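Worksheet: the structure to be examined is printed underneath.
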Amino acid sequence: MDQDRKVRVRFAPSPTGGLHLGGVRTALFGYLFARQHQGAVVLRIEDTDQARFVPGAEEYIQECLKWCGIAPDESPLHGGEYGPYRQSERKERYRAYAEQLVADGYAYYAFDTAAELDALRATQPNFKYSHENRLQLRNSLSLAPEETARLLAEGHPHVIRIKMPAGETISFNDMIRGVVSFESSLVDDKVLLKADGMPTYHLAVVVDDYQMAISHVFRGEEWLPSAPVHLLLWEYLGWRQDMPQWAHLPLILKPDGHGKLSKRDGDRLGFPVYAMNWQDPKSGDLTKGFREMGFLPEAFVNMLALLGWNDGTDQELFSLDELIARFSVDRISKAGAKFDFEKAKWFNQEWIRRTATHELAVHAASILAAHGVTDTDEHYLADVLDLVKDRLTLLVDFWDQASFFFRRPEHYDLQAVLPKWNEEKTAFFLDMINKLENFDPWHSAELESFYKLAINASGMKMGELMLPFRIMLVGGKFGPHVFDIAALLGREETVSRMKQALTAFTGATL
RNA sequence: GGCCCGUUCGUCUAGGGGUUAGGACGUGAGAUUUUCAUUCUCAAAACAGGGGUUCGAUUCCCCUACGGGCUACCA
């Protein structure tokens with residue numbers, strides 16, 4: 001293999017629905033590797049299974065990659081020198097290679113119908129189309145040449161299968177796992193070309209990776225068992241010298257129980273599995289995504305990168321550029337990792353803190369807009385953000401944490417004030433309202449000392465008068481320092497909220 | 001069942017023949033914050049088991065167990 005050849009990696013998803021966490025991570029690792037080596041990133045859509053094609057899925061995939069900041073250099077959308085980038089549009093290319101394999105004795109025509117094979121599988125528990133039984137089945141190896149020719153000429157439906165050799169050891173050097181070996185006798189005669197003329201993944205992946213000059217392949221561990229088929233195909237097609245290097249990534253597992261993480265686990269456990277919202281065009285079912293759940297793409301990508309990789313230090317927070325610089329395949333772990341949503345949220349919290357206020361403001365503004373709050377002053381929004389930034393885990397928390405800055409409280413936590421309310425407090429707040437109407441300067445620190453002085457003068461306790469003031473401005477027992485809130489709300493709004501709340505607390509009209 | 005891959009705190013992981021086996025998330029306790037969150041401090045918490053190799057194995061090898069993946073004219 002040419003060690004100096006240009007790095008070209010591809011991400012080859014199937015457009016069958018939303019993009020799963022694991023898929024994004026595969027794309028990410030490939031992207032990091034390619035960028036680090038000044039290589040190209042290719043998106044190829046594997047849509048050879050027309051029965052599973054879902055409209056909109058391809059656009060969704062492109063959008064996901066873009067959101068994550070790992071958009072490809074070549075894709076169905078951007079084009080490129082190696083197009084087309086949809087397998088369905090490359091359909092014509094595959095048949096010739098399959099025929100060539102037949103001609104060279106590495107593959108054969110098979111006329112067994114799917115129903116016949118299903119019947120065999122039903123009777124023989126471990127049925128496998130292989131060197132052991134292929135002569136008992138209906139194919140060009142068992143049939144007389146004239147018979148095969150006749151069936152072909154008459155247009156009988158048929159597939160082309162690889163003729164797996166017996167007694168060979170097939171091995172390759174995986175970038176993550178080292179040498180992996182298989183016994184060829186144990187691998188079945190996989191279908192290469194389907195009856196509808198479309199290639200299966202096995203044929204298409206080899207032909208496309210070859211034609212697109214792919215140098216390195218990152219894919220999930222679930223592909224390991226079919227690696228021997230691909231290996232042989234590279235060899236049989238005469239391209240062994242151009243075969244890419246493979247990295248089979250460990251799987252992302254369910255947080256509880258066992259097995260691969262699936263969309264269902266997210267629904268069941270209440271966290272997203274898809275990168276962005278996905279609405280199934282048929283059922284109309286909406287599956288929540290990380291983006292809409294309030295994740296920053298930086299956090300999502302950071303979290304994904306650390307799921308199965310680390311740089312050997314204690315650092316956990318990495319920007320995409322840092323990841324590109326530090327990434328290395330030999331630090332990818334071999335074992336599957338259980339997805340931990342709590343940790344994912346931690347990454348997001350950290351990223352919200354390290355994101356500049358003006359960038360966060362864009363998200364905050366759209367959250368406000370979603371709740372009907374528009375025409376917000378940008379300086380005011382920035383001030384609010386600076387006050388509540390540390391309290392956000394998800395971007396959408398902004399509404400819960402800061403809506404009172406934009407709307408007066410409609411409900412008060414009366415339980416927190418009423419049981420201890422008395423005439424003395426009513427008098428205190430009536431007096432305070434009067435004093436505040438003329439208080440100057442309207443700054444947090446000044447307000448605080450003034451307010452505390454008044455409490456002392458009243459003879460009441462600090463705690464008895466702090467909480468009610470907060471409830472008046474906020475509505476509940478939460479939020480930043482209460483005098484910061486008052487300062488930001490401004491004199492008019494603060495006083496007006498105090499009046500409104502006092503009415504609610506006492507039943508009197510002011 | 002067969003084949004392949006894997007196995008360090010609950011989770012993500014670092015480490016690597018001699019270490020108090022480190023960090024992070026989460027959890028618990030305390031401090032701070034006269035709200036809540038934050039922050040800070042501390043704590044509990046792991047080398048699957050058995051054989052080798054070795055002066056010495058968590059680290060290297062083998063076996064077992066366990067986990068996972070694949071076993072379609074799906075990718």
Side-chain angles (χ1 to χ4, degrees), chain A residues 12-16 46-49 51-52 87 110 112-114 117-118 121 125-129 157-161 174 176-177 180-183 185-188 190-202 204-205 219-228 248 250-251 253-260 303 306-317 331 333-347 349-350 353 388-393 397 401 413 416 452 455 461-471 474 476-482 485:
Chain A
S14 196
T16 53
E46 310 238 326
D47 56 351
T48 54
D49 185 0
R52 296 212 311 161
Q87 287 185 333
D112 323 83
T113 64
L117 295 176
D118 284 345
R121 272 186 270 271
N126 293 321
F127 177 82
K128 192 161 48 172
Y129 209 119
H158 63 276
V159 301
I160 291 178
R161 286 178 182 272
D174 186 88
I176 295 172
R177 286 150 215 287
V180 182
S181 303
F182 303 85
E183 289 308 316
S185 315
L186 273 5
V187 182
D188 57 340
K190 293 276 183 234
V191 170
L192 301 179
L193 197 76
K194 301 186 261 189
D196 64 2
M198 279 288 197
T200 58
Y201 172 83
H202 306 296
V205 76
R219 56 169 22 169
E221 192 186 350
E222 71 267 29
W223 290 109
L224 214 37
S226 57
H248 288 92
L251 266 15
L253 278 8
K254 301 176 194 295
D256 65 336
H258 309 286
K260 268 200 287 193
M303 177 272 291
L306 271 283
L307 208 52
W309 174 86
N310 71 82
D311 78 338
T313 71
D314 285 343
Q315 184 176 344
E316 294 195 274
L317 265 13
R331 292 205 62 87
S333 46
K334 297 179 177 71
K338 289 185 183 174
F339 176 65
D340 181 2
F341 189 51
E342 292 305 317
K343 186 80 185 240
K345 286 194 288 191
W346 175 79
F347 275 107
Q349 182 178 317
E350 292 297 324
R353 290 175 186 197
V388 303
K389 204 169 165 177
D390 285 357
R391 318 171 83 85
L392 309 179
T393 297
D397 295 339
Q401 290 297 327
D413 184 351
K452 285 183 174 173
I455 292 176
K461 287 178 187 160
M462 216 49 107
E464 292 189 68
L465 294 166
M466 293 296 280
L467 190 60
F469 187 35
R470 167 176 298 280
I471 305 287
V474 175
K477 291 193 284 185
F478 65 96
H481 193 51
V482 70
I485 296 172

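So you know, we letter chains A, B, ... as the sequences are listed, proteins then strands, and number each from 1. No experiment lies behind these values; they were computed from the predicted model shown.
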Looking at every non-hydrogen atom in both residues, tell me the closest pair between [X] and [Y] and how far apart they are.
| X | Y | value |
| --- | --- | --- |
| Thr200(A) | Val191(A) | OG1-O, 2.7 Å |
| Ser226(A) | His202(A) | CB-CE1, 3.5 Å |
| Lys343(A) | Glu316(A) | NZ-OE2, 2.9 Å |
| Arg470(A) | Val482(A) | NH2-N, 3.4 Å |
| Gly312(A) | Arg331(A) | CA-NH2, 3.1 Å |
| Pro199(A) | Thr48(A) | O-CB, 3.5 Å |

Roughly how many Å is it from [atom1] in [X] to [atom2] in [N], rounded to a whole number?
| X | N | atom1 | atom2 | result |
| --- | --- | --- | --- | --- |
| Leu317(A) | G23(B) | CG | P | 18 Å |
| Ile485(A) | U33(B) | CD1 | P | 18 Å |
| Arg177(A) | C70(B) | CZ | P | 13 Å |
| Lys334(A) | G6(B) | NZ | C1' | 9 Å |
| Leu253(A) | U7(B) | CG | P | 13 Å |
| Glu221(A) | U7(B) | CD | C1' | 12 Å |
| Phe339(A) | C25(B) | CZ | C1' | 12 Å |
| Leu251(A) | C12(B) | CG | C1' | 16 Å |

Whether Phe339(A) and Phe341(A) hold their rings parallel, tilted or perpendicular, with breakpoints at 30° and 60°:
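If you compare the ring of Phe339(A) with that of Phe341(A), the planes turn out tilted.
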Checking all strands, does [X] fall into the base, sugar-phosphate, or nothing category for heavy-atom contacts under 4.0 angstrom?
| X | answer |
| --- | --- |
| Thr313(A) | nothing |
| Gly220(A) | nothing |
| Pro250(A) | nothing |
| Arg219(A) | nothing |
| Arg470(A) | base |
| His248(A) | nothing |
| Val180(A) | sugar-phosphate |

Check: protein-nucleotides 37-40 of chain B nitrogen or oxygen pairs below 3.5 Å:
from: A37(B); atom 1: N3; to: Arg391(A); atom 2: NH1; distance (Å): 3.2
from: U38(B); atom 1: O3'; to: Arg353(A); atom 2: NH1; distance (Å): 3.4
from: U38(B); atom 1: O3'; to: Arg353(A); atom 2: NH2; distance (Å): 3.1
from: U39(B); atom 1: OP1; to: Arg353(A); atom 2: NH1; distance (Å): 3.2

Any strand counts, and the cut-off is 3.5 Å on both contacts for Watson-Crick or G-U wobble. Which nucleotide pairs with [N]?
| N | value |
| --- | --- |
| C55(B) | G18(B) |
| G28(B) | C42(B) |
| U7(B) | A65(B) |

Within the distance-only criterion (no hydrogens, no angle test), does the side chain of Thr393(A) pair as donor or acceptor with the backbone N or O of Gln349(A) below 3.5 angstrom?
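Checking the backbone N and O of Gln349(A) against the side chain of Thr393(A), no donor-acceptor pair under 3.5 Å is found.
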Does Gln87(A) offer a backbone N or O that forms a donor-acceptor pair with the side chain of Asp47(A) under 3.5 Å?
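Judged by distance alone, yes, a pair lies under 3.5 Å.
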Give me, pair by pair, the N or O atoms of the protein and of nucleotides 71-75 of chain B that are less than 3.5 Å apart, along with how far apart they are.
from: C73(B); atom 1: OP1; to: Arg121(A); atom 2: NH2; distance (Å): 3.3
from: C73(B); atom 1: OP2; to: Arg161(A); atom 2: NH2; distance (Å): 3.2
from: C73(B); atom 1: O2; to: Ala195(A); atom 2: N; distance (Å): 2.8
from: C73(B); atom 1: N4; to: Asp112(A); atom 2: O; distance (Å): 2.8
from: C73(B); atom 1: N4; to: Ala114(A); atom 2: N; distance (Å): 3.4
from: C74(B); atom 1: OP2; to: Lys194(A); atom 2: NZ; distance (Å): 3.1
from: C74(B); atom 1: O2'; to: Asp49(A); atom 2: OD2; distance (Å): 3.1
from: C74(B); atom 1: O2'; to: Arg52(A); atom 2: NE; distance (Å): 3.3
from: C74(B); atom 1: O2'; to: Arg52(A); atom 2: NH2; distance (Å): 3.4
from: C74(B); atom 1: O2; to: Arg52(A); atom 2: NH1; distance (Å): 3.4
from: C74(B); atom 1: O2; to: Arg52(A); atom 2: NH2; distance (Å): 3.3
from: A75(B); atom 1: OP1; to: Thr48(A); atom 2: OG1; distance (Å): 2.8
from: A75(B); atom 1: OP1; to: Lys194(A); atom 2: NZ; distance (Å): 2.8
from: A75(B); atom 1: OP2; to: Tyr201(A); atom 2: N; distance (Å): 3.2
from: A75(B); atom 1: O3'; to: Glu46(A); atom 2: OE1; distance (Å): 3.0

If you assign each of Trp309(A) and Glu316(A) to its closest nucleotide in RNA chain B, which residue comes earlier from the 5' end?
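Nearest nucleotide further toward 5': that of Trp309(A).
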If you pin Gly479(A) and Leu306(A) to their nearest nucleotides in RNA chain B, which one's is more 5'?
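Closest to the 5' end, via its nearest nucleotide, is Leu306(A).
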If you check every side-chain atom of [X], which of [options] has the closest atom?
| X | options | result |
| --- | --- | --- |
| Leu467(A) | G10(B), G15(B), U35(B) | U35(B) |
| Phe478(A) | C4(B), A24(B), U35(B) | U35(B) |
| Asn310(A) | G68(B), U13(B), G26(B) | U13(B) |

Just one of Lys334(A), Arg177(A), Arg219(A) clears the side chain to side chain donor-acceptor pair (under 3.5 Å) bar with His248(A), so which one?
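Exactly one candidate clears the test, Arg219(A).
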